[in-house]
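Written below as structure tokens is the structure these notes are about.
In what follows, residues are counted from 1 in the order of the sequence shown. Read the numbers this way: they start at 1 and go in the same order the structure lists the ligands and their atoms.
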Amino acid sequence: MHTLIIEDDDLLGDGIKTGLEALGQTCDWVKSAGAAEAALKLTDFDVVVLDLGLPDRDGLQMLRDWRRQGRHVPVLILTARDAVPDRVQGLHAGADDYLTKPFDLSELAARLHSLVRRAAGRSRNVVEYGPLRFDPVSSEVSMRGKAVSLSRRELAVLEALLQQPGRILAPGQLQDHVYGWSEGVESNAVAVHVHNLRRKLGEDLIETVRGIGYRLREVRE
Ligand code: CA
């Protein structure tokens with residue numbers, strides 16, 4: 001799951017990024033509305049954490065514009081403005097959820113997961129795909145009832161493929177899910193993660209569509 005954090009406070013932004021990464025998310029962090037616009041053009045984020053008081057623009061206005069432009073990425077507003085009219089205004093502007101500072105990091109992570117789940121049209125957090133079971137909040141994976149231990153990157157690849165099973169994802173798209181911009185990435189990194197996933201979850205789970213990318217195959221129970 002690739003999260004964009006828009007927060008101009010250094011301490012808070014760094015804390016959120018580090019904390020969410022420790023919980024298995026891939027994060028990029030920007031400190032202004034301008035940088036956020038650029039980031040969203042560059043990368044297909046799964047979810048956005050938006051601070052309202054930004055140096056160059058009001059976050060709420062920016063969000064309103066996104067929704068008007070048809071940009072549907074799920075957004076969680078993070079703010080010190082906790083009065084009820086502010087919350088209502090935020091939700092009217094097109095926010096999907098609202099969290100008031102100070103907040104608990106594990107609550108933030110859980111809410112982000114639930115936004116991504118809802119955006120994918122799932123009513124439950126746990127994803128079941130044939131004999132595969134994946135809990136994005138606890139990062140627990142099992143195959144035919146047997147727990148499988150996956151690295152953070154492998155989890156991110158699997159989660160991306162599970163978001164729309166059957167859809168082919170190009171290596172570049174998968175890379176977007178797995179790595180932030182500041183991370184150095186070997187050109188064959190995604191292929192290596194796919195190789196490891198096949199080794200751990202069975203050779204037949206992930207299909208290579210030659211010249212295009214990867215997708216999940218239907219696996220018998
Ligand atoms: Ca701020």
When you check the gap from the basic side-chain N to the acidic O, do E207 and R198 get nearer than 4.0 Å?
-> no

Salt-bridged, E203 to R217, with N to O below 4.0 Å?
-> no

Does the distance from a Lys or Arg side-chain N to an Asp or Glu carboxylate O, for K31 and D8, drop under 4.0 Å?
-> no

The Ca ion (ligand 1) to nearest N/O/S of G53 below 3.0 Å = yes

Shortest-distance N, O or S atom of D51 relative to the Ca ion (ligand 1) | OD2

Check whether any N, O or S atom of D9, backbone or side chain, sits closer than 3.0 Å to the Ca ion (ligand 1).
-> no

For the pair D51 and K101, find out whether any cationic side-chain nitrogen is under 4.0 Å from an anionic carboxylate oxygen.
-> yes

Out of the N/O/S atoms in D8, what is the name of the one closest to the Ca ion (ligand 1)?
-> OD1

Backbone or side-chain N/O/S of E7 under 3.0 Å of the Ca ion (ligand 1) = no

Quick check: does any side chain N or O of Q163 sit under 3.5 Å from a backbone N or O of A160, one acting as donor and the other as acceptor?
-> no

